[in-house]
Amino acid sequence: MIRQILGKGRRAPLSVASENDGLQEDVGRTQPSATDALPLIRLQQLTKRFGWIPALQDVSCELHGGQIVAILGANGSGKSTLLKLCAGLLRPSEGNIQVAGWQLPKEAAQVRAHIGYAGHEIFLDESFTIQENLSFFAHCYGSAGKLRVDHSLGRLGLAKFAELAVRQLSRGRQQLVDIARATLHGPELLLLDEPLNHLDVVAEDVVVQMMKDARDSGSLILWVTHESSRVAAIADRVLLLHAGRLVVDEAGQVAETDWPATLKATLCQEMMNRSA
Amino acid sequence: MKITFVQAVMLILRRDLIFDIRNRQRLWIIFLFAILNTFVFSFALELQHILRREVVVGVFWTTILFASLLGFERQGSEGSRQRMSQAIKLAPLPRLAIFYGQLLANWLITLCLLLFTVLLQSGLFNARLWHMDFWLASLLGSLGLVTIGTTLTTMFSHISVRVGVMSVLLIPLILPILLTCVRFTLATQSELPVRNEWVALLVLQDIILLILTSWLYPHLIDE
Amino acid sequence: MKRSERMKAQSPPLREHGLTWLAIVVLGVGFAMALFYAETDQQGHVQRLFYIHMPSFFGALLAFSITVYASLRYLRSRDVKWDRLAVVGVEVGLLLALINLVTGAIWARPIWATWWNWDPRLTWDAIMILTYAAYGVLRGAIENVETRRRFAAVYGILAIFTAIMTLIIIRIRPDTMHPAVIGPSAQEARGSFDASPTMQITLLVNLLGWALLLPIVLMRWRYRLQQMSERLEQLRQQWFEA
Amino acid sequence: MRPFILLFLGWLCIWPVSAQEDADLIEIVVAENDLSIFHEALAETDWGLTLTQDGQFTVFAPTDEAFARAFERLETTKEDFFAHPDRLASLLSFHVVAGAMSLEELRGETSVMPYRRSSLVIDRQDDELLLNREARVLQGDLAASNGWLHIVDTVLLAPGEFAIEIADNLSFLVLGLAVVALLVSGYLSSLFWRWRLVNREIALLRSRIKEAARNDQSFRS
């Protein structure tokens, strides 16, 4: 079923991932045209202060479904905060976030079913096995059934570890399971906070492939990362954050910056020749 | 299709119970403490000499209060439970479903604790605690205790707090319920006519508490 | 901080001072009246403590109810000023409740020959002190500023439930099983007040002083202190940030 | 003539028993020989009057020897204990309970509420009654027209009763005022001290920030 964001009215009703959607997900589907549809995420002068330290300062942009957006920036430049805000875990101090037309802090309930978030901490329970953890979340998201759990485990190559307790897994594999948890219900908005950190090369490719599949099926992936080298190859669009401000927006336009010119220039250059 | 409210509550309830059964430390702490507390009181008050049923009632409720207090303190500070509460917040479950799920889980454990302590203490002090109204009082009293306990546990699972803060916070809130329970069970013990105004008072408190905590719970969870 | 704003923080406007001086005058007059003007009750001179005991009780009630109202408003609007008001209400309320407790106990000693006779109002006052002291413990235990305010507001509301329920339950005497809500508890017996007009005037003056002016003045000063300590924390964070 | 004497003697010996039937509590106390202090105490206060009227009472009468022991405990003598009638009345009110209760009925109770308003605890120690955790009943169930009388071996003292000699309560007034003054001044000084501390800290920090800003400019230029 084509996951299409209807462009009319403020409240864009999202089509719900139906029960049997899991299987046909990989079958090629038309790429929703990014221009006319209502943006999946709209940030307007988003500011977030922890105590008095501004983590994010009036970030505003619009992101459409069907693309991978890389978020780059130094440590403490507000990347994770931006991700948590989009996931509805934090409440913005000023400005507002709209995910698929729903105002996030208040109407988060409607949108939570369509958001997948995998952060730094592993949101799993060590004493349970992988199978139990994932089936619990499958039940939570309402797309119950062993089918989905096996499918997502298989996709990330974790099928044979299903019976192991999370405690016995290595950090990298735990992170994979966490990503499986986030993508279990086929979310329209996938938020990944440095997913490739602890992974070996094989696992990295699996995750990148999974991100590409999700992008092809029309969902938006916000990917926070450090390796700017891989960004050019994978991301359709880049957001550069420096000290809480959005430096580079849209494909390559530069706002005001004192971000080290070299990295930015090389990055934009790569973006230019790739899209040209 | 979203899961219904009751399904969500059952889900959280099953999850919490399995979690507690899986790592049994919390249960061990609660039940062992109940036994220890009983012995401390029996030695301290020389219970076998004074055949006073009132004292036994007092000892019973103190044991219940402190044993479940230790359970809540432990639950509040468990690392894995804190991470899980974050994950559950992400899922599209209605906020109150999470609260009632944890509430029911804690309530079941407290009821087991009640049963265990009644058997233990009526045996040791051969006081006849098996009074019908006694069970009513314990049921309602433990509901109130658990409501406040779960609220504070949720609060503490978001912040890592040193030991002891939970008891300082929980006991003042529990005093009215404890007062009513002790007086109600006193009436059952000393063949005085059991006035049903005590039951009404307990029910009233439980209802007010449930309404209050249900209204305050979303503020606890969401930023 | 601009100069004018800093000046305002240093020397509060006359209205601030005026209220403080008014409170000091009223308290002084009330104090003098309690000692010399009012008749000595048949319980002897110790009964004069009553003119501080009862008004401070209502002052504490006023302070705690302000805390509850501020907590409710903070939860709805998440505005920092409501949280400041809640903190201020608790601190002043605790002071006044403590005064009420101490004078009650000292007054009970010669009359009832015991320091503490589990009199309903005194017990209720003690439990309120315990509950709102725990409020202070909670605020101290949380580092994150937003969570501290939110949880403190939630606890402030739960605490008032305890206070009200305890008041009702304590009045029901255990042995006779019927509520003595109106019945003469030891406190009321002492406080029943059809006595001479001089006593009533003294009580009124003291009531104005202790129950109204003192809490409000203390709260205003404590509120300014709270503002300044938050200003300090802000500067400290900026300093570590820079 | 003899039968009359016999009759009179017979009447005399049954008189105390029969007399007891319609005699009230005070007369029974008078009749008992070792309750003189108790009787004197009753006469001293208005209890002497109330116990004669109708209305059902249960009275616990401590023996003279019990009073003697009580006076030592309270380090007072009989005279100056009787000097304070209100304290005496309050002590006696702890010995009188509304409603006539025989020993049997008392055994069923766990605590009763005398006129003194603090509960009198009743224990059972191997089938013997224990009042106020210390007093035993020497002779119980003396029926009277308006209630029952039980003679006990120790004076019932309410908890914390007259433990120390009560000074004139003016000193308590002064103590109360001193404590209040202490509390208020303590809070005000803590408020003032915190105020000064915060002010000084703000000034310090602001000067540091200004100074840091100044060397930034110098560094940049």
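Each chain gets a letter, A, B and so on, in the order its sequence line appears, and its residues count up from 1.
- Contact annotation for C/I129: neither backbone nor side-chain heavy atoms come within less than 4.5 Å of a heavy atom of chain B.
- For C/L75, the parts sitting under 4.5 Å from any heavy atom of chain B are the backbone and the side chain alike.
- When heavy atoms are compared at a cutoff of 4.5 Å, B/H219 approaches chain C by way of both its backbone and its side chain.
- Neither the backbone nor the side chain of C/R148 comes within contact range of chain B; no heavy atoms are under 4.5 Å apart.
- Counting heavy-atom pairs closer than 4.5 Å to chain C, the top-ranked of the candidates B/T180, B/L175, B/V165, B/L220 is B/L220.
- Under the side-chain contact (heavy atoms from CB on, under 4.5 Å) rule, C/F151 has a single partner from B/T154, B/I159, B/L152, which is B/I159.
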Handout entry: Residues C/I157, B/W215; criterion side chain to side chain contact (heavy atoms under 4.5 Å, CB included); working and verdict
Key = CA-CA 11 Å; C/I157 295 166; B/W215 172 61; 4.2 Å; yes

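- Closest heavy-atom contact between C/M165 and B/I208: SD-CD1, 4.4 Å.
- From C/R150, atom CZ reaches atom CD1 of B/I221 across 10.0 Å, with rounding to the nearest 0.5 Å.
- Summarising the geometry of B/P172 relative to C/L130, their closest heavy-atom pair is CG-O, 4.2 Å, with the distance given to 0.1 Å.
- Using a 4.5 Å cut-off between heavy atoms, B/I171 does not touch chain C at all.
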Problem - side chain to side chain contact (heavy atoms under 4.5 Å, CB included) evaluation trace for B/I148 with C/L158 - result: CA-CA 9 Å; B/I148 296 182; C/L158 281 176; 5.6 Å; no

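- Taking CG from B/L201 and CD1 from C/I168, the interatomic distance works out to 7.0 Å, rounded to the nearest 0.5 Å.
- Per-residue counts of heavy-atom pairs under 4.5 Å with chain B were compared for C/T166, C/I164, C/V154; the largest is that of C/V154.
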Practice task
List the steps, then state whether side chain to side chain contact (heavy atoms under 4.5 Å, CB included) holds for B/L173 with C/F161.
Solution key: CA-CA 8 Å; B/L173 290 181; C/F161 158 79; 5.9 Å; no

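- Panel note: side chain C/Y135, backbone B/L169; no donor-acceptor pair is recorded below 3.5 Å.
- Pairing each heavy atom of C/I169 with each of B/Q205, the nearest pair is CD1-NE2, 3.0 Å.
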Handout entry: Worked verdict on C/T147 versus B/M155 for side chain to side chain contact (heavy atoms under 4.5 Å, CB included)
Key = CA-CA 9 Å; C/T147 7; B/M155 222 193 255; over 6 Å; no

